[in-house]
Colleague: 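Sharing a structure with you now.
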Amino acid sequence: MCYLINAMKKYIVALSFIFISLTAFAIGDDVTASGHFSVLNWTILAVFLLGTTVFGELVKSKDKGLDGFFRGGKQLPWWAVSLSLIATKTSVATFIAVPAFVFSMQGDLTYLQMTIGFALGNVLFVFVLLREYYKENIYSPYEFIQKRLGVKVSQLSRTFFMLGATMSQGVRLLGTALVLSVITGQSTIVCIAIIAGFAIAWSYIGGITTVVWTDAVQFIIFIFGALFALIYAVGDIPGGLGEMMSIADQKAKLSLLDLSLDPHKTYTLWVGVLGCTFFEFGSNAVDQVVTQRALCCKNLHEARKAVGFSVVGVITTWIMAFVGIGLVAYYHVNPLSPELSEAISKEPDRIFPYYVVNALPEGISGLIIAAMFAAGISTLDSALTALSQTSVMGIGSILFPGLKTMPEKKVVKISKLAIIVWGGILALLAYTFSFFQDGGLLALGFKVPGYAYGTLIGIAFLALMRKGTFSSILIGSVLAVIAIALMHIEGISFFWWFPVGALIVMATALLNHSINRHKP
């Protein structure tokens, strides 16, 4: 009990100040802000933020060393790791951008074809690279690459990861900030700062152990939030589910399969089976934001269960897609005003938060807003620990060799400082991305890491084969980035960027290997 009281004292002042600030912000006059977010809703949100912070303090690792901070001492149960994986990969994009895509003028259910790739990518990781990672007893995939292909290649891979991760996480931070902006009517930059502050605090408290356990709790919150959103979306339409589906059918929103071979189309069955599989494999295998969790289990068997079970996370995507169908029907029956309709068309990702705050009953709206926060912050705090580990123990230890002989507690303090720095960087990126939302957050969230992760996937496969020199991989990486840029300009679906980038890097390195092998 004393420990609980001390933990609460440690954070209650700061969080109370933030909560009071949020309440004061709620008087904003933005066209899509709401005056209906009641005291009850604010209380639910405050309890969620304060309670999660205190919980994070209570469950943090007792191991003060690097292994405890970055891998939880490899003692975390597989089911908690699995829930954390789902929470990390779900992100606010699922809660906000999927309903927004379905609601948009050209939207329908074809995005759900991507869930095939999300499942296959997990299976590919389990049977291709996860075993090798546990055999090498590593902290990150870049250590695996370093052991197989050398320091220079590992530094190249770390650079690509940090570029891809900072850009993609900046988008996700922006998405969560939009929720807060809709509620309060305040500027995007203020909302970004508040959310980044909580993510930094949760990562700083106890490293990966705190992140995994708070993510597990947040997954439970946002899965219930998604279910409540779907139930009320159906219940708000006269005629219920039948009428909702009828309206959606009239508006051509129920298309599920697209067999087109046009590479310019974003969501087709072939993109889902091939392009999205590579994307998801990369997220698991070479994105430390996700991979770090898989490395926290007690052994390979536990890790395989964690990654395999995380496939059920696609259920959340299906739920939120049908929430989008519900929004289509609801605003067909209750049309938006011309002013609001114009505002939503400019920032389509605001439609679901607007519905939650204005159309749902008190308490329920507070729960769903808390679920959105859970989805957004769970991804962001995961990114902060991953970026901290990569920058300090990876690049930092090579640039500053003294880190290798420094006491672990001191390195942990430096890693915590890195969390704060990376939090600031992500906040600045999120604000920058707020000016480039024309295609919506769903597309932006996949595009920004596309230049980096295809190359990373190729390097990981080369490390598995133990083939490739730094010069050939560097040339391949440059060619891959050029090819992806051309695909971007030509409007080729961003999911194709991942396999194309990987294949170019691999082909260049393997061709060079073959030529050198046959030289006299």
Side-chain angles (χ1 to χ4, degrees), residues 66 69-70 88-89 91 138-146 149-174 196 199-200 203-204 207-208 211 279 282-295 379-400 403 411 414-433 444-460 463 470 473-474 476-478 480-481 484 497-498 501-502 505:
L66 290 172
F69 193 75
F70 287 124
T88 298
K89 290 189 283 186
S91 84
I138 56 174
Y139 279 91
S140 74
Y142 322 114
E143 283 189 59
F144 173 75
I145 292 169
Q146 182 170 324
L149 299 176
V151 173
K152 289 184 178 179
V153 178
S154 73
Q155 293 300 73
L156 179 65
S157 65
R158 287 185 176 98
T159 301
F160 273 109
F161 159 68
M162 288 192 290
L163 288 172
T166 51
M167 289 189 292
S168 62
Q169 297 305 323
V171 172
R172 287 164 176 167
L173 172 55
L174 172 61
I200 290 170
S203 305
Y204 188 95
I208 193 64
V211 168
F279 167 79
S283 295
N284 282 286
V286 297
D287 184 344
Q288 178 68 351
V289 175
V290 179
T291 310
Q292 189 176 25
R293 272 130 208 78
L295 299 176
T379 302
L380 187 59
D381 61 13
S382 301
L384 292 176
T385 57
L387 287 166
S388 171
Q389 191 277 333
T390 303
S391 57
V392 174
M393 294 187 63
I395 292 177
S397 64
I398 293 173
L399 294 178
F400 305 99
L403 281 171
V411 179
I414 294 172
S415 300
K416 288 186 173 184
L417 178 62
I419 285 173
I420 298 173
V421 172
W422 280 114
I425 292 172
L426 293 181
L428 289 173
L429 275 172
Y431 181 65
T432 301
F433 286 140
L444 186 60
F446 287 124
K447 284 179 180 178
V448 290
Y451 283 86
Y453 286 0
T455 299
L456 275 174
I457 295 169
I459 295 174
F470 172 71
I473 291 173
L474 179 60
S477 300
V478 172
V481 170
I484 291 170
W497 302 357
F498 300 94
V505 173

Colleague: With Tyr453, which residues qualify under ring pair (Phe, Tyr, Trp, His ring centres under 6.0 Å), at least two apart?
Modeller: none
Colleague: Considering all heavy atoms of both residues, which atom of Ser388 and which atom of Ser415 are nearest to each other, and what is their separation?
Modeller: OG-O, 2.8 Å
Colleague: Which heavy-atom pair separates Gly458 from Val505 by the least distance, and what is that distance?
Modeller: C-CG1, 4.3 Å
Colleague: Run the side chain to side chain donor-acceptor pair (under 3.5 Å) test against Ser154 and tell me which residues pass, sequence neighbours left out.
Modeller: Gln146, Arg158
Colleague: So which atom in Ala196 and which in Leu173 form the shortest heavy-atom distance, rounded to 0.1 Å?
Modeller: N-CD1, 4.2 Å
Colleague: Say you draw a straight line from NZ of Lys152 to CD1 of Ile473; how long is it, rounded to the nearest 0.5 Å?
Modeller: 12.0 Å
Colleague: Report the residues that fulfil side chain to side chain donor-acceptor pair (under 3.5 Å) with Ser391, sequence neighbours left out, ordered by chain and then residue number.
Modeller: Trp422
Colleague: Looking at OG1 of Thr390 and OH of Tyr142, how far apart are the two atoms once the value is rounded to the nearest 0.5 Å?
Modeller: 5.5 Å
Colleague: Not counting sequence neighbours, which residues clear side-chain contact (heavy atoms from CB on, under 4.5 Å) with Ile200? List them please.
Modeller: Leu384, Ile419, Ile420
Colleague: Please identify each residue that fulfils side-chain contact (heavy atoms from CB on, under 4.5 Å) with Ile414, with sequence neighbours left out.
Modeller: Val392, Leu403, Met406
Colleague: Quick one: OG on Ser140 to CG on Leu295, what's the gap to the nearest 0.5 Å?
Modeller: 8.0 Å
Colleague: Could you give the distance from CD1 (Ile425) to CG (Leu387), rounded to the nearest 0.5 Å?
Modeller: 8.5 Å
Colleague: Output all residues satisfying ring pair (Phe, Tyr, Trp, His ring centres under 6.0 Å) with Phe160, sequence neighbours left out; order by chain, then residue number.
Modeller: none
Colleague: Of all heavy-atom pairs between Ser477 and Leu156, which one has the smallest distance, and what is that distance?
Modeller: OG-CD2, 3.8 Å
Colleague: Determine the minimum heavy-atom distance between Asn284 and Thr291, stating which atoms define it.
Modeller: O-OG1, 2.6 Å
Colleague: Who are the side-chain contact (heavy atoms from CB on, under 4.5 Å) partners of Ala460, not counting sequence neighbours?
Modeller: Leu129, Val286
